[in-house]
Amino acid sequence: MDRIRIAGGRPLEGSIAISGAKNAALPLMAAGLLTDDRLILDNVADLADLRTMAELLAQHGIAVERTLPRRLSLGGAITNTEAPYDIVRKMRASILVLGPLLARTREARVSLPGGCAIGTRPVDLHLTGLEAMGAEIKLDSGYIHATAKRGLRGAKITFPFVSVGATENLMLAASLADGETVLINAAREPEIGDLAECLNAMGSNITGMGTDRLTIIGARRLHGAQHEIIPDRIEAGTYACAAAITGGEVLLRGARSADLGAVMACLLQAGVDINETVEGLSVSRRNGLHGTDVMTEPFPGFATDMQAQFMTLMAVAEGASMITESIFENRFMHVPELSRMGARINVHGASAIVRGVPVLSGAPVMATDLRASFSLVLAGLAAKGETIVSRVYHLDRGYEHVEQKLAACGAAIERI
Ligand code: EPZ
């Protein structure tokens, strides 16, 4: 298994090109199931999770080709409506094929995704929403068996709490349902708006982007389109933390401040300097970092996918920070590893108290999930001495060319 070795203490200087958003690309690839026409997606990063989604779509009959370095071309007709456990268990976002399969073929057998490191992550909101649209859902032997004999019909659905995936699954299904669907308490992440833009380019009629109320008027059929994916706001926020924790100055090319939501406010409050230019966000830190309290919330609140990275930054800030994880029930697995590097963190249920220390010390550490793995890389970049991060396959799921991007800014980092 690959490991990454970092010699810490070097300020990052230079620029980093922000790749296309992983969490926009995944539902957009699932939209390829909604038409036999060709769907072209541009600004698509080269990530393990996207290769997994391509593998899943291929066994449904949708061929996914990388026709240019950053372009995916999807085409083909659905020949199989079963999403098998051995693929779904690798990536929970596989559940996003359920809505499109049901809308197009009126039946689907999709493995239940099962839990993952950060929580049980059920899909009950996806299923109850589809039932409201006329689907019949049965669970047997670990699979969701969904049918809609008379096709899906529009419905008014209120989510009890915000779910990104459930919002996306129901947008995909509603695009081909008969009539109007209204999603209330819908997720407002930028990736939702990106999906709506693409679905509208394919012939859907979605309004309300950016609000928590989406209206989708279903079409009889959808046609092909070409869509450029938005930049990855989590990658941008992650590298902003890298520039801040090393005390360097980095231009995040393509990053957009609006996509960062409360993360921007918390970085500024912590003492990070961020200037928006036409090229992107220039991030630096001239003075000390100070402790900042954070609570993760749905967008535009502080992104849960930035919690681990921000915790590392707070580990070397002056003073204490209270970090509360309100989205997932078990997203503090980076804490024991950071503690081994000298961080002072106490977890009490959903909150962690971080008391800043002057400097962390390098150590061998182990990645446990995608974002936690980068929080260890950030610690290694700032620490005194050498850090070896193992199980970096977690990192490769969601970050493209990490060593290259960091080494180009002066980091002493290599994959071993
Ligand atoms: C998406 O996951 C992202 N993944 C996650 O990013 C992100 O952390 C999460 O949204 C929250 O922003 C993709 O977009 C592929 P949710 P998703 O449905 O859709 C519970 C990363 O690092 N819930 O908004 O699975 C759920 O357990 C990944 O890139 C139900 O109870 O998240 C969680 O506690 C990690 N029932 C909360 O809601 C449901 O039916 C939010 O989940 C659905 C969700």
Side-chain angles (χ1 to χ4, degrees), residues 19-30 45 47-50 52-53 56 88 90-99 110 112-132 137 139 144 157-172 183 185-195 212 229-230 232-238 259-263 295-309 325-331 333-334 350 367-375 394-400:
S19 304
K22 165 178 85 81
N23 290 349
L26 287 165
L28 286 166
M29 288 175 75
L47 300 170
D49 271 7
L50 303 189
T52 302
M53 181 59 92
L56 178 61
V88 174
K90 280 194 283 191
M91 185 186 63
R92 301 181 34 73
S94 305
I95 191 70
L96 293 173
V97 302
L98 176 60
V110 175
L112 278 162
C116 72
I118 63 179
T120 52
R121 301 180 71 185
V123 289
D124 50 320
L125 272 61
H126 301 240
L127 303 184
T128 47
L130 290 169
E131 283 174 328
I137 307 266
L139 304 184
I144 300 161
I157 297 159
T158 301
F159 293 114
F161 50 83
V162 172
S163 162
V164 170
T167 302
E168 291 167 343
N169 226 336
L170 295 174
M171 284 167 74
L172 289 160
L183 300 180
N185 199 20
R188 295 161 56 189
E189 274 67 4
E191 293 77 27
I192 302 284
D194 206 37
L195 177 60
D212 61 0
I229 292 179
I230 56 172
D232 195 315
R233 63 194 170 96
I234 304 301
E235 185 192 25
T238 301
D259 291 348
L260 290 177
V263 171
M295 175 179 284
T296 63
E297 290 174 318
F299 192 87
F302 192 101
T304 173
D305 292 348
M306 278 298 303
Q307 179 258 108
Q309 301 91 305
E325 172 55 59
S326 62
I327 306 287
F328 289 106
E329 67 263 29
N330 180 30
R331 204 168 192 177
M333 275 152 314
H334 42 289
T368 51
D369 62 272
L370 170 56
R371 305 303 173 181
S373 53
F374 215 117
S375 76
H394 289 293
L395 206 59
D396 299 332
R397 292 190 53 173
Y399 290 100
E400 190 182 36

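Note that ligands are numbered from 1 as they come in the structure, with each ligand's atoms numbered from 1 the same way. By convention here, the first residue in the shown sequence is residue 1. Note that these values count all heavy atoms, side chains included, but never hydrogens, waters or copies made by symmetry. It should be emphasised that the depicted structure is a prediction, and the values quoted were computed from it without experimental measurement.
Nearest protein heavy-atom contact of atom 18 (O) of ligand 1 is Ser163 OG, 2.7 Å. Residue, atom and distance of the protein heavy atom nearest to atom 40 (O) of ligand 1 are Leu125 N, 2.7 Å. Protein heavy atom at the shortest distance from atom 22 (O) of ligand 1 is Arg371 NE, 2.9 Å. In terms of protein heavy-atom proximity, atom 3 (C) of ligand 1 is nearest to Asn23 ND2, 3.7 Å. If you check which protein heavy atom lies closest to atom 19 (O) of ligand 1, you get Gly165 N, 2.7 Å. The nearest protein atom to atom 17 (P) of ligand 1, hydrogens excluded, is given as Arg121 NH2, 3.8 Å; this is a heavy-atom distance.
Side-chain N/O atoms of Ser326 and Glu297 include no donor and acceptor closer than 3.5 Å.
Taking Asn23 as the reference, nothing meets the side chain to side chain donor-acceptor pair (under 3.5 Å) condition, with sequence neighbours excluded.
Residue Leu26 has no nitrogen or oxygen atom sitting less than 3.5 Å from a nitrogen or oxygen atom of ligand 1, judged on distance alone. Considering backbone and side-chain atoms alike, Thr304 places every N or O at 3.5 Å or more from each N or O of ligand 1. Considering backbone and side-chain N/O atoms, Glu329 never comes within less than 3.5 Å of an N/O atom of ligand 1. Residue Lys22 has at least one N or O atom closer than 3.5 Å to an N or O atom of ligand 1. Below 3.5 Å of separation, one finds no N or O of Phe328 facing any N or O of ligand 1. Between Phe161 and ligand 1, a contact under 3.5 Å exists for no N or O pair. Note: no N/O pair closer than 3.5 Å links Glu168 and ligand 1 by distance alone. Considering backbone and side-chain atoms together, Ala166 places no N or O closer than 3.5 Å to any N or O of ligand 1. Taking distance alone, with nitrogen or oxygen atoms compared against 3.5 Å, Ala93 stays at or beyond that limit from ligand 1.
At least one heavy atom of Pro122 sits closer than 4.0 Å to an atom of ligand 1. In this structure, Arg331 has a heavy atom closer than 4.0 Å to ligand 1.
The one candidate from Leu172, Ile229, Leu26 that meets the side chain to side chain contact (heavy atoms under 4.5 Å, CB included) condition with Leu195 is Leu172.
Using a 4.5 Å heavy-atom cutoff, the side chains of Leu96 and Met91 are not in contact. When side chains are defined from C-beta on, Val97 does not count as touching Val88, because their heavy atoms never get closer than 4.5 Å.
The closest heavy-atom contact to atom 37 (C) of ligand 1, among the options Ile327, Thr296, Leu96, Asn169, comes from Ile327. Of all the listed residues (Asp369, Asp305, Asp124, Ile234), Asp124 holds the heavy atom that lies closest to atom 36 (N) of ligand 1. For the residues Val123, Ile192, Val164, the heavy atom positioned nearest atom 10 (O) of ligand 1 is part of Val164.
With respect to the salt-bridge test (charged N to carboxylate O, under 4.0 angstrom), the residues Glu191 and Arg233 qualify. Here Asp49 does not pair with Arg92 in a salt bridge; the nearest charged N to carboxylate O distance is not below 4.0 Å.
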Anything under 3.5 Å between a donor and an acceptor, one on a side chain of residues 158-168, the other on a protein residue two or more places apart or in another chain? List them.
residue : atom : partner : partner atom : Å
Ser163  : OG   : Ala166  : N            : 2.9
Thr167  : OG1  : Ser163  : O            : 2.7
Thr167  : OG1  : Ala187  : N            : 3.1

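Residue-ligand proximity, His126 to ligand 1, at heavy-atom distances under 4.0 Å covers atoms 40 (O).
With rounding to the nearest 0.5 Å, the separation of CD1 in Ile95 from CG in Leu112 is 6.5 Å. Rounded to the nearest 0.5 Å, atoms CD (Gln309) and OG1 (Thr238) are 4.0 Å apart. In this structure, the separation between NZ on Lys22 and CD on Glu235 is 12.0 Å, given to the nearest 0.5 Å. Considering CG of Leu127 and CG of Leu98, their distance stands at 6.5 Å, rounded to 0.5 Å.
Closest approach of Leu395 to Ser373, counting heavy atoms only: CD1-OG, 3.3 Å.
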